Amino acid sequence: MMIKPNKFKDIEEFIFEVEHGYEFALDYNGHRYGILPISLKPGQFSIYEWDKAETTEKVYANAQEMLENYEIQGEKLKDVVLKAEK
């Protein structure tokens with residue numbers, strides 16, 4: 001599986017990569033988050049904090065739903081994704 005860099009130029013690039021099955025990590029304020037497609041549930045996507053997947057994982061039907069609903073350190077993913085560290 002192809003791992004893409006975790007720097008996005010805009011939200012549309014993030015949505016494209018999530019919905020086309022890319023998996024990647026985002027680093028933000030000293031924490032790492034994983035985003036990947038769920039192979040047993042086509043069309044669904046998982047996001048979780050690294051090493052805490054059992055308590056932080058959420059599954060979404062599409063990238064837009066993930067952006068609007070998943071929170072990273074009290075902020076919506078849509079407000080964090082472009083600020084994520086390399």
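Computed from a predicted structure; not experimentally measured. The first residue in the sequence is number 1, and the count goes up from there. Hydrogens, waters and symmetry mates play no part in the numbers below; they use all other heavy atoms, side chains included.
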Look at Lys78 together with Glu68 and state whether they make a salt bridge at an N to O cut-off of under 4.0 Å.
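So Lys78 pairs with Glu68 through a salt bridge.
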I need the [X] [atom1] to [Y] [atom2] distance, nearest 0.5 Å.
X     : Y     : atom1 : atom2 : answer
Met66 : Ile35 : CE    : CD1   : 5.5 Å
Glu12 : Phe14 : CD    : CZ    : 12.0 Å
Ile47 : Ile72 : CD1   : CD1   : 5.0 Å
Asn29 : Gln73 : CG    : CD    : 4.5 Å
Ile15 : Gln64 : CD1   : CD    : 4.5 Å

Examine the side chains of Glu65 and Tyr70 and answer whether a donor and an acceptor come within less than 3.5 Å of each other.
no
What pairs of residues pass the side chain to side chain donor-acceptor pair (under 3.5 Å) test when at least one of them lies in residues 53-63, not counting sequence neighbours?
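Side chain to side chain donor-acceptor pair (under 3.5 Å) check on residues 53-63 returns Ser46-Glu57.
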Could you check if a side-chain atom of Lys76 sits within less than 4.5 angstrom of a side-chain atom of Leu67, using non-hydrogen atoms only?
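Lys76 does not reach Leu67 side chain to side chain.
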In short, Glu19 meets Ala63 closest at the heavy-atom pair OE2-N, 2.9 Å
Give the cluster check for Leu82 versus Tyr28: same hydrophobic cluster or not, with ILVMFWY residues linked at side-chain heavy-atom distances below 4.5 Å.
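Yes, Leu82 connects to Tyr28 through the hydrophobic network.
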Consider only side-chain heavy atoms of I, L, V, M, F, W and Y, link residues closer than 4.5 Å, and tell whether Tyr22 and Val18 are in one cluster.
yes
Contacts of Glu13 meeting side chain to side chain contact (heavy atoms under 4.5 Å, CB included) (sequence neighbours excluded), chain-then-number -> Phe8, Lys9, Asp10, Glu17
In chain order, what residues pass the salt bridge (charged side-chain N to carboxylate O under 4.0 Å, His left out) check against Glu49, with sequence neighbours excluded?
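If we apply the salt bridge (charged side-chain N to carboxylate O under 4.0 Å, His left out) test to Glu49, skipping adjacent residues, the hits are Lys52.
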